[in-house]
Structure formats: structure tokens, C-alpha cells
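Contents: one structure, followed by commentary.
Hydrogens, waters and symmetry mates are skipped; everything else that's a heavy atom, side chains included, is used. Throughout, a chain's letter reflects where its sequence line sits, starting with A, and its residues are numbered from 1.
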Number of protein chains: 4
Amino acid sequence: MSTLSQVTDSDSPTRPVRRRGGAKRERLANAAAEVFHRQGVEKTTLNDIARLADVPVGNVYYYFKTKDQLVEAAVGAHRARLAALTERLDALPEPADRLKALITGWVDQRETAARFGCPFGTLATELDKRDDGLDQAAAEVMRALIAWVSGQFTQMGRPDAQDLAVELVAAYQGMSVLTNTLRDPGIMAARGARLIAWIDGLA
Amino acid sequence: MSTLSQVTDSDSPTRPVRRRGGAKRERLANAAAEVFHRQGVEKTTLNDIARLADVPVGNVYYYFKTKDQLVEAAVGAHRARLAALTERLDALPEPADRLKALITGWVDQRETAARFGCPFGTLATELDKRDDGLDQAAAEVMRALIAWVSGQFTQMGRPDAQDLAVELVAAYQGMSVLTNTLRDPGIMAARGARLIAWIDGLA
Amino acid sequence: MSTLSQVTDSDSPTRPVRRRGGAKRERLANAAAEVFHRQGVEKTTLNDIARLADVPVGNVYYYFKTKDQLVEAAVGAHRARLAALTERLDALPEPADRLKALITGWVDQRETAARFGCPFGTLATELDKRDDGLDQAAAEVMRALIAWVSGQFTQMGRPDAQDLAVELVAAYQGMSVLTNTLRDPGIMAARGARLIAWIDGLA
Amino acid sequence: MSTLSQVTDSDSPTRPVRRRGGAKRERLANAAAEVFHRQGVEKTTLNDIARLADVPVGNVYYYFKTKDQLVEAAVGAHRARLAALTERLDALPEPADRLKALITGWVDQRETAARFGCPFGTLATELDKRDDGLDQAAAEVMRALIAWVSGQFTQMGRPDAQDLAVELVAAYQGMSVLTNTLRDPGIMAARGARLIAWIDGLA
DNA sequence: CATGAATGAGTCTTCATTCAT
DNA sequence: GATGAATGAAGACTCATTCAT
């Protein structure tokens with residue numbers, strides 16, 4: 001997920017006043033999500049994030065009291081991206097097409113996945129080693145994805161929608177792990193094709 | 001993988017002199033693998049490992065010059081466990097049974113997977129964020145697993161053995177991620193059952 | 001060299017805002033140079049330097065990322081002192097007098113030399129055991145000194161100015177080593193007198 | 001000094017019993033002197049010395065209770081080399097020739113001096129930063145050299161023999177420092193030639 | 001005497017976090 | 001609100017020294 005992240009940097013220059021704070025906060029959250037994806041949470045320093053967001057380090061603390069809050073914000077960024085993505089997909093008339101577009105989006109990101117894995121899955125995996133609430137936040141996002149997928153299957157008339165949704169998402173996470181570990185985007189391409197065929201078979 | 005790790009600590013008490021060095025080294029490698037699984041590599045202190053292995057910190061460096069070497073050793077421990085596991089499974093007469101036993105082993109570890117994910121998959125995921133050779137070491141182990149699975153499918157007469165193997169392993173990694181993130185061992189149980197049925201369908 | 005180091009700590013109290021950063025950085029560099037002189041680079045702890053500069057250890061790294069950078073800065077401090085010294089000497093009308101003043105300055109520091117050797121020579125000697133670039137930095141300063149001395153001889157009309165310069169500097173380094181090893185400032189006094197007579201003979 | 005170190009490894013195989021300890025002890029002392037020359041005392045590990053002397057680390061402590069004792073032994077090795085050297089030079093009939101041979105020996109080692117400085121001078125310089133007795137031991141060796149040189153000048157009928165001796169040794173130390181710092185063996189060649197001419201002028 | 005292994009104190013270095021302007 | 005600088009608590013790593021065989 002978090003693919004199709006053509007999240008246009010929506011700072012429309014026309015928007016007049018609105019405290020810049022919001023923009024900076026968001027910039028930091030997005031920077032965090034990105035660096036976490038590339039380096040992992042633990043390896044990432046506040047400086048890394050600040051630099052990417054082009055915000056002086058000392059200033060970060062005006063927006064986030066702790067590093068954990070930045071992690072939370074990064075998870076939030078993923079949630080937002082997922083919401084934006086599903087909203088876009090919902091525009092398609094057929095639920096099967098929506099799922100296939102979802103998968104296609106993932107496959108399109110296979111080069112990134114080969115290098116750094118699924119942007120959200122690897123984050124969730126890292127957070128799962130902890131027992132603060134952060135893992136719960138990640139779980140929520142994962143559940144949201146499954147729920148949306150499940151909704152599509154329901155619309156397709158499948159009574160076992162929830163099961164199928166878990167299967168689909170698990171398949172994506174699994175191919176991401178292998179693609180990443182073996183550094184082979186071909187795996188994601190091949191597995192993605194199978195998944196699409198599988199959807200077609202169900203429709 | 002790395003499940004079914006009933007690797008009996010084979011220090012037969014009869015073995016008389018034999019320098020203890022090897023044993024300690026192995027103890028450290030296993031301790032490292034275990035703590036890495038629970039806490040992740042980055043969060044893990046040399047002290048954590050030393051404590052679990054019951055070795056004074058300073059002494060760790062007699063066996064491993066750097067933390068990275070401990071990571072390498074942990075990967076090696078996973079490789080060794082996998083080898084031990086497949087060797088045991090090879091004792092079964094039918095390749096399909098071997099695969100089903102493999103899956104069953106995974107499912108048996110579902111509680112652990114729910115808490116900490118796949119012991120090897122999460123390690124590989126974390127190492128993939130780096131670009132030293134460590135990620136390659138992890139890739140090797142993953143390939144070894146796929147190769148063994150593929151071998152079983154070949155013996156079952158499947159010409160698409162390699163594809164099926166990737167599918168099986170990806171499925172395992174995927175269900176591990178979801179089981180872990182959602183903290184729900186039920187997912188692994190359900191998905192495992194499906195996988196077994198799938199094997200049966202192929203045979 | 002590095003004698004006549006009456007480098008007045010030029011923090012004119014009138015200077016109003018100006019970021020203190022530069023001052024602290026310089027304080028650290030000077031502290032490093034001094035402690036290196038007394039204890040040698042290897043025996044010197046970052047704590048030693050920090051304590052002398054009255055800076056908390058952790059803060060040292062805000063200015064210098066590694067201990068090596070502090071060594072570099074110390075060499076830089078020597079370069080600066082040398083520059084300040086020669087600039088002062090250049091005020092004298094006669095080149096021969098400049099050289100004699102240089103020597104006199106060295107002799108004035110003979111007690112220190114007896115205890116710790118030449119502040120810069122011993123540093124260069126220690127750095128020469130390494131093969132990172134630090135030894136080159138030291139070489140530069142040594143060359144600068146020789147060049148300045150050579151310039152004086154040239155002004156005195158000596159065609160063999162460079163040779164004489166090497167002779168003079170080597171003589172200083174040699175007497176420093178003996179003065180230091182034998183813990184006898186008298187050596188430097190006696191040898192210095194000879195050098196001055198030698199200069200007079202050349203003029 | 002310490003040049004002309006053709007100290008034949010005098011383990012005449014005919015020497016019958018004599019505990020081997022002596023040989024090992026000497027090997028360690030020589031190894032220490034050599035590594036100290038290359039790396040400096042502080043940078044040198046007991047392991048470095050043990051490895052070069054081909055003695056297991058643990059065994060070093062049978063011969064030397066502390067690292068400092070090894071330093072002492074290294075100084076002793078220098079003293080012994082100096083004694084061997086002067087004994088050999090004493091075979092020459094003319095004192096002036098002895099001094100010239102001494103200088104020639106130094107010049108012959110100029111490549112080493114360019115890389116690591118005078119084997120003994122740099123050691124003395126490093127030890128001078130300490131205030132345990134080690135610096136005194138080094139001073140003794142330096143004094144022995146000066147005394148021998150002074151003796152030659154006395155035999156040449158010079159009443160200022162001691163002064164000349166200090167001048168000669170200081171000149172050697174000085175050219176060593178410059179040769180080393182500037183990494184230029186040519187300096188030692190040129191300065192050595194001058195020294196020899198100086199001796200000739202005195203004779 | 002020999003030797004691999006053990007020990008623990010100490011050093012450099014990193015960083016999240018806070019503070020003073 | 002913004003920002004460079006400050007701080008201190010770790011953590012990785014080294015090594016002289018000691019011990020058990």
C-alpha cells in the first residue's frame with residue numbers, strides 16, 4: 001500500500017494565509033515516512049528527517065515532542081495516503097477493477113519494493129517489535145486496508161470477503177518480503193499477474 | 001522458517017575435553033538470533049545478547065569483532081536451523097507430506113509469530129534496509145528455503161515447481177506479517193489450513 | 001615554534017552578539033594543542049580536552065565529529081600561532097634580527113621544552129607514525145616555518161637560503177629533543193646562543 | 001642510532017642448553033622496539049608485539065608483567081644495539097673515522113627515518129610525555145651515545161668535546177625530525193654530508 | 001612453562017532532547 | 001515561532017591484564 005502515492009504536494013500556492021505550521025508539520029511527517037522506509041526507524045535520526053523536510057533540527061520539537069510522535073505521524077501519513085488511494089479507486093465503477101488497479105499500483109512500485117520493501121509493511125514489522133501503542137496504530141492502518149478490500153469482495157458478491165481480503169493483503173505483503181530480500185522486482189511482477197488472474201477468476 | 005527449532009542443544013555430556021570455544025560462540029549466535037527476533041537488530045544491545053548467552057560483554061569481542069559479525073552469525077544460525085529442519089523433513093517418504101509438515105510447523109509457532117513475526121523474515125526485512133553484505137547473507141537463506149520447497153514440488157512432478165515454491169514461501173511470509181501486525185494467531189491458523197489444502201489439491 | 005604564543009585571547013568584551021560558536025571551537029582547538037603537547041595525542045582523552053576547554057564532552061562533538069578532527073584543529077592552531085609569530089617578527093627591520101628573535105623566543109620557552117619538548121615537533125613526530133592525512137597537515141606547518149626562515153636568509157643575501165633554513169630548523173628540533181630527553185633546559189640555552197652567534201657570523 | 005642494526009640473531013645453534021626463555025625474552029624485546037618504532041608505544045598492542053615475536057599473547061606475561069616492562073625492555077634493546085654499534089666502531093683506528101662511520105650509518109637508514117623517524121629518538125620523545133621512570137631509562141641511552149661521541153672528540157684533542165658531542169647528536173635528532181616530518185630522505189643525506197665535512201674540518 | 005580464553009575498566013562516538021536567544 | 005547550540009545518557013569497541021588448564 002502507500003503506493004500510487006501520487007499524492008500531489010497539495011500546497012496550492014493560491015491558498016493564502018493558513019498558518020504555515022500545518023504545512024511544516026505535514027512535511028515533517030512525510031519526510032519521516034520516507035526516511036523510515038529507506039533506513040528503518042531505529043537507524044533514522046531526527047537530523048535525517050529534519051534535513052529532508054528542510055526544517056532546522058531544533059524546530060522539529062515545536063511540532064513533535066518526541067521521536068515517537070514522529071513515528072506516529074509517519075503512520076498517520078500512511079493512513080492518509082491509503083485513504084487518498086482508496087478514494088481514488090472508488091471512482092472506478094467495478095469493484096474487481098478497483099482491486100486490480102490496487103494490485104497494479106503495487107506492481108508499479110516494484111523497484112522501490114525490491115530495494116526497501118513495502119513502505120508500510122516494513123514499518124509495521126519494525127513497530128511490532130515494540131509494545132508501546134505504536135504497533136496498534138500500524139495495525140489500524142492494516143485493518144483499514146483489509147476492510148476496504150473486503151468491501152470490494154462483498155460488492156462482488158463473495159460471502160467469504162473477509163477471508164479473501166486477508167488472502168490478498170497477505171499475498172501482497174509476502175511478495176514484498178521476497179521481492180525485497182531477493183532484490184528481485186520480477187517476483188512482484190509475476191506474483192502480481194497471478195493475483196490479477198485470481199481476481200478475474202473470482203469475478 | 002526457523003521454526004521447529006527443537007534443535008537439541010547437542011552438547012552430549014559425554015564429550016570430554018573439546019574446547020568450549022565453539023559452544024560459546026554458538027551460544028552467542030543463538031542468543032543473538034533470539035534477541036534480534038524479539039527486539040530487532042538496532043534495538044538490541046550487545047549487553048542484551050551477552051546477558052542472554054550468559055557471557056560477560058567484554059568477552060563477546062573475543063568471538064565477534066563487531067556487532068555486524070554477530071548479525072552474520074545470527075543469520076548463520078537461521079541457516080543452520082533451516083538445514084536441520086529440512087533434513088528432518090526429508091525423512092518423510094512423500095514430498096507433499098514434507099511440505100505439509102513444514103507448514104504445520106509454521107502454524108505451530110503462530111503464537112510467537114503473532115508477537116514477533118517470522119524469526120527469519122523480520123530479520124531479513126530489517127537487514128534489507130542496509131547495503132552492507134548482510135542483506136545478501138539473508139537472501140541466501142531465503143533462497144535455500146525456496147530451493148528446498150521447489151525440490152519437493154519437482155518430486156511431486158510439477159514443472160512449475162519454482163513458481164509454486166515462491167508462492168508458498170511468499171504466502172508464509174505474508175501471513176506472518178499480518179499475523180504479527182494484527183496480533184492474531186488465528187490468521188496463521190486459517191491461512192495455514194488453506195495452504196495445506198492447496199498442497200493436497202496439487203498432489 | 002608555537003612559542004611566543006602570547007596570543008591574547010582576543011574576545012574583546014565589547015563585541016556584542018556574534019555567535020560564540022567560533023570562540024568555543026577555538027578554545028577547544030587550543031586546549032587540544034596544549035594537552036596533546038603535555039600528554040601526547042594517544043594518551044589524551046576527549047575528556048581531558050573538554051575539561052581544559054571547560055566544555056561538556058558531548059558538546060565537543062558539535063564542533064568536531066571525531067578525535068582526528070581535533071588533532072587537525074590542533075595542527076591548525078599551531079599554524080595560526082606560527083603565522084602570528086612571524087607576522088610579529090616581520091615588524092623588525094633586519095632579517096637577521098628577526099631570526100635571532102625567533103631563536104630567543106625558543107630559548108625563552110626552554111623550561112617547557114625540557115618538560116614536554118617542542119609543542120609542534122613532538123606533535124609532528126607522533127602524527128608521523130600514522131598514515132592518514134594528519135601527518136601531511138603537520139608537514140605543511142613545518143614547511144611554512146622553513147619557508148619563512150628561508151625568506152629571511154634570502155633577504156640577507158644568502159643564495160643557499162633554503163639549506164640554511166633547514167639547518168636552522170633542524171638545529172632547533174634537535175636541541176628540543178635533547179633538552180627534553182635529558183630534561184636539561186641548559187642545553188637549549190647553550191645551543192641557542194651558538195645559533196645566534198652563527199647567524200651573526202652569516203650576516 | 002640503533003642503526004647499523006645488523007644485530008645478527010645470535011642464537012648460535014651450538015649453544016646447548018641455556019633455557020630458551022632468554023631467546024624468547026629477547027625476541028619480545030626486539031619485537032617491541034620495532035613495533036614501537038613503527039606505531040608508537042600507545043598505538044601498539046601487546047598483541048602486535050606478541051604476533052611479531054611469534055609468541056602467544058598469554059605467554060608474554062610470563063616474561064613481562066606489564067606493558068611498561070616491555071617498554072623498558074625495548075629501551076634496553078636500544079641500549080644493547082648502541083653498545084654493539086660503538087663496539088664495532090671502536091675497531092676503527094681513527095676517532096674521526098669512527099664518528100664519520102656513525103653518521104654514515106645514520107644516513108644509510110634515511111629511508112626508514114623518512115617513514116618512521118629515528119627509532120630511538122621518537123621513542124624517547126614519546127616516553128618524555130610520561131613521568132614514570134621510563135623517560136629516565138631513555139635519557140640514559142641518550143647520554144651513553146653522547147658520552148661515546150664525546151670520547152671520540154676528546155681523543156681528537158678537542159677540549160670542548162662534550163659540547164661538540166651534544167651538537168652532533170642534536171644535529172642527528174634534528175635532521176631525523178625534519179626528514180620524518182617532510183618525508184624526505186634527501187634531507188638526511190644532505191645534512192649528513194655537511195656533518196661529515198664538519199668533522200673533517202675539526203680534525 | 002605454554003596458551004586460549006576471560007574480564008572489566010575505559011574511550012570514542014551518537015543522539016534524543018532541551019535551552020537560550 | 002524559529003534556531004543554533006548544549007547536554008548527558010547510552011552503546012560499540014579496545015585492550016591490558018589475569019586465569020584455568
Listed nucleotide nearest any side-chain atom of Pro56(D), set dG4(E), dT3(F), dT7(F):
dG4(E)
Could you tell me if Arg25(B) sits above the aromatic ring of Phe64(B), with its cationic atom closer than 6.0 Å to the ring centre and no more than 45 degrees from the axis?
yes
Report yes if at least one side-chain N or O of Lys65(A) is closer than 4.0 Å to OP1 or OP2 of dT18(E); otherwise report no.
no
Answer yes or no: does a side-chain N or O of Lys43(B) lie under 4.0 Å from OP1 or OP2 of dG11(F)?
no
Ignoring backbone atoms, test whether Tyr62(C) places a side-chain nitrogen or oxygen under 4.0 Å from the OP1 or OP2 oxygen of dC15(E).
no
As a quick check of understanding, evaluate side-chain contact (heavy atoms from CB on, under 4.5 Å) for Lys24(D) and Asn59(D), giving each step before the final call.
CA-CA 10 Å; Lys24(D) 222 170 191 177; Asn59(D) 197 14; 2.9 Å; yes
Would one find a side-chain N or O of Tyr61(D) under 4.0 angstrom from OP1 or OP2 of dT18(F)?
no
When rounded to whole Å, the CZ to C1' distance for the pair Arg51(A) and dC15(E) reads 13 Å
Atom-to-atom span, CG of Asp48(B) to P of dA10(F) - whole angstrom
13 Å
Strand partner of dT21(F), provided both Watson-Crick or wobble distances fall under 3.5 Å
dA2(E)
Any heavy-atom pair between the side chains of Arg79(A) and Glu140(A) that's under 4.5 Å?
yes
Residue mapping more 5' on DNA chain E - nearest nucleotide basis, Asn59(D) or Thr66(C)
Asn59(D)
Lys67(D) has an atom NZ; how far is it from atom P of dA9(E), in whole Å?
19 Å
Just N and O in the side chain of Thr45(B): are any of them under 4.0 Å from OP1 or OP2 of dG11(F)?
yes
If you assign each of Gly58(C) and Asn47(C) to its closest nucleotide in DNA chain E, which residue comes earlier from the 5' end?
Asn47(C)
Does the structure show a Watson-Crick or G-U wobble partner for dA9(F), both distances under 3.5 Å? Name it, or say none.
dT14(E)
Could you state the atom-to-atom distance from CZ of Phe64(A) to C1' of dG1(F) in whole Å?
15 Å
Is any NZ, NE, NH1 or NH2 atom of the basic residue among Asp135(D) and Arg115(C) found under 4.0 Å from an Asp or Glu carboxylate oxygen of the other?
no
Between the side chain of Lys43(B) and the main-chain N/O of Glu42(A), is any donor-acceptor distance below 3.5 Å?
no
Atom CD of Gln39(D) to atom P of dC15(F): distance rounded to whole Å?
10 Å
Side-chain atoms of Lys24(C) come closest, of dT3(E), dA5(F), dT17(E), to dA5(F)
Report which part of the nucleic acid Leu46(C) touches: base, sugar-phosphate, or nothing (heavy-atom distance under 4.0 Å, all strands).
base
If I take atom OH in residue Tyr63(C) and atom P in nucleotide dT7(F), what distance separates them, rounded to the nearest angstrom?
9 Å
Interatomic distance, Glu42(A) CD vs dA12(F) P [rounded to whole Å]:
12 Å
Ile49(D) CD1 - dC15(F) P separation (whole Å):
12 Å
